[in-house]
Amino acid sequence: LPWRGEKYSSLSHDERDAIKKRLNVFWGLVEMSNPKTKQAIYFQVGEYINYCNKKNLHPFDTDPSELVSYIESKLNSWHRNTMKQSVWAINVLFKSVDLVSPAEDMLFAQFFKQTCDKKAVDREEIKQATPLKYEHLQAINRAWKQEGSAIATRNIALLNVAYTALLRASELIALQVSDIDFEGTQIRLMFSKTNKSGAGEWITMTSECMGYLMDYLIVAGMHDGRKFVNCERTDYVFVKFSGRTGKPVKNKKNIKYRTL
C-alpha cells in the first residue's frame, strides 16, 4: 500500500501553526525527562534534522524511501541498537505533532528488520564500558578520604552501597532511613525494576560498606553512632548537600538523579 502520511509542505498555515505549538509542548516534556531519555532524543533528532538540512528537506516532509536513505547513511558508523534508538526517536517526534511517521510504513519496517538482522548475523559487537572492579573502588575511596569533606564522605557511602548491593541509580536515591539495618548488616530494597510488589527485599551488605554508610550518616547529622537522630523513618538516606556550606540542606531532600 502507498504511504499515506501528510507532508508538512502540503499543510495549511493554521495546521503548521498547530504543529509548532505541539512541538513546543514536546520539547518542554523532553526537558522534564530523565537525563538518558533527554540525551537520546536530542542526539537522534539532531542527527535526523542535520541529514534533512543537507538534503534541503523539511524533517516532516520525509517519506519512507528518504528514511531508508538516512538509515543507510549510518550503516557503517552505527550499531543496530543505535539505529533502533534513532527510529524510536523519529517516531516519537512525528507522533508528538500528530503526523504519520514514515518509520511506520510496512516496507520501511521490512527493510529495517532485515538490516538489523544482517548486522546481528554478522556478529556485530556492542562496545561495552570497562567494568568497575573492586581495586578501582578502593582507589576512589582513598582519593575521597584524602579530600576529607562531608560531600566526599557521602559520595564514598553512595558508591559503595551501589556497588555492594548492585543498585540502580533510582533505587539508590529512594533509600529511606527505615531501609537501613545496622544490626543485621543489611539494607532493604522496597521497589526495583524486577520487583514492584512493595514487599521489599533485604540485601546483606559488607561490614566495610556499612561502616562507610555510618560515617556518612554521622556527618549528615542523622546518626550519633548508636542510633538514628534528627530524622524520621521516611526520610531519605542520601540527601542533597549545599554547595556553599558543604552541609546537608535543611529540608532533607533526596539527592537528584543528575547529581548522582
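Numbers here are sequence positions counted from 1.
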Please check: side-chain N/O of D235 versus main-chain N/O of V177, any donor-acceptor pairing under 3.5 Å?
no
Interatomic distance, CD1@I49 vs NE2@H58, rounded to 0.5 Å, equals 8.5 Å
Output for pair (I255 CD1, Y236 OH), nearest 0.5 Å, gives 13.0 Å
If you measure from CD on E171 to CG on D179, what distance do you get to the nearest 0.5 Å?
11.5 Å
Can you confirm whether S86 sits close enough to Y48 that some side-chain heavy atom of one is under 4.5 Å from a side-chain heavy atom of the other?
no
About how many Å separate CG of L67 and CZ of F111, when rounded to the nearest 0.5 Å?
8.0 Å
Do F238 and L175 come within less than 4.5 Å of each other through their side chains, counting heavy atoms only?
yes
Output yes when K21 and D17 qualify as a salt bridge under the 4.0 Å nitrogen-oxygen rule, no when they do not.
no
Are side-chain heavy atoms of V237 and L213 found at a separation under 4.5 Å?
yes
Which heavy atom in T185 sits nearest to a heavy atom in M210, and how many Å separate them?
CG2-CG, 3.5 Å
Quick one, Q176 and R233 - any side-chain contact, counting heavy atoms below 4.5 Å?
no
Which atoms form the tightest heavy-atom contact between F182 and F228, and what is the distance?
CE1-CZ, 3.9 Å
State whether K38 and E31 are salt-bridged, where the test is any N-O pair (Lys NZ or Arg NE/NH1/NH2 against Asp/Glu carboxylate O) under 4.0 Å.
yes
Mind checking whether I203 and M214 sit in one hydrophobic cluster, side chains of I, L, V, M, F, W, Y counted as touching below 4.5 Å?
yes
Is the shortest distance from a Lys or Arg side-chain nitrogen in D224 or K227 to a carboxylate oxygen in the other one below 4.0 Å?
yes
To the nearest 0.5 Å, atom CD of Q114 lies from atom CD of Q110 at 6.5 Å
If you round to the nearest 0.5 Å, how far is CD of E135 from CD of Q138?
9.0 Å
Any side-chain heavy-atom pair of L189 and W202 under 4.5 Å
no
T164 (side chain) donor-acceptor with N160 (main chain) under 3.5 angstrom:
yes
Below 4.5 Å, heavy atoms only, C-beta onward: do H79 and T82 meet side chain to side chain?
yes
Locate the shortest heavy-atom distance separating P59 from C52; write the atom from each residue and the value.
CA-SG, 3.8 Å
Give the minimum heavy-atom separation between D98 and R22, together with the two atoms involved.
OD2-NE, 3.6 Å
Compute the ring centroids of Y216 and Y212, then answer whether they are less than 6.0 Å apart.
no
